[in-house]
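Here's the structure, in structure tokens; my notes come after.
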Amino acid sequence: MTALTHATKFAPYCRRSILLSSMPADEDMLLLEARFYGVGVALGRNGGDGFDWILEPAPFVPERFTGASWRFAESFLEAWQSVQETTG
């Protein structure tokens, strides 16, 4: 599975983007697909000092809130808090 495929799974829940360490050989095809699906593409800087947007992600506009979207938000918050406790 590609990063783009993984990112599109989250379309009903949030803005999506992928972070690459280098552009693939099929860069044009990646950007075409990413634009079609609304997935942003960022390229990491050498040395791990941030990233640059190659393609901005489409804005997330929820059509409606569902039990699944609430569960996703809760899971994300739990994971974020866990990382904060570990690194904090």
Side-chain angles (χ1 to χ4, degrees):
M1 244 182 194
T2 66
L4 187 59
T5 305
H6 284 294
T8 57
K9 291 180 186 179
F10 299 104
Y13 309 113
C14 61
R15 287 177 73 175
R16 293 133 316 130
S17 57
I18 57 176
L19 176 60
L20 304 173
S21 57
S22 64
M23 291 303 287
D26 60 345
E27 174 182 350
D28 292 335
M29 183 57 80
L30 170 71
L31 294 176
L32 180 69
E33 288 184 55
R35 186 180 312 272
F36 178 78
Y37 291 114
V39 176
V41 178
L43 186 60
R45 295 184 189 134
N46 289 337
D49 187 30
F51 60 88
D52 296 309
W53 286 110
I54 306 301
L55 177 64
E56 290 278 339
F60 173 66
V61 180
E63 294 178 18
R64 63 188 180 358
F65 291 103
T66 65
S69 64
W70 280 106
R71 180 65 189 133
F72 175 81
E74 290 171 353
S75 297
F76 177 82
L77 180 60
E78 288 171 10
W80 183 79
Q81 287 174 333
S82 175
V83 169
Q84 296 301 311
E85 290 170 1
T86 304
T87 60

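- The two residues S17 and A7 come nearest to each other via the heavy atoms O-CB, 4.4 Å.
- Within the 4.5 Å cutoff, side-chain heavy atoms of R15 are placed close to those of E56.
- No more than 12 heavy atoms of other residues, nucleotides or ligands lie within 6.0 Å of CH2 in W70, so this atom counts as exposed by the packing criterion.
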Show me the donor-acceptor pairs, under 3.5 Å and distance only, between side chains in residues 29-48 and residues at least two apart or in other chains.
from, atom 1, to, atom 2, distance (Å)
R45, NE, D52, OD1, 3.3
R45, NE, D52, OD2, 3.4
R45, NH1, D49, O, 3.1
R45, NH2, F51, O, 3.4
R45, NH2, D52, OD1, 2.8

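- Under the 4.5 Å side-chain contact rule for hydrophobic residues, W53 and L19 share a cluster.
- Taking a 6.0 Å sphere around CZ of F60, one finds it holds more than 12 heavy atoms contributed by other residues, nucleotides or ligands.
- Checked by atom type and distance alone, the side chain of T86 pairs as donor or acceptor with a backbone atom of S82 at under 3.5 Å.
- You'll find the side chain of C14 reaches within 4.5 Å of the side chain of F72, heavy atoms only.
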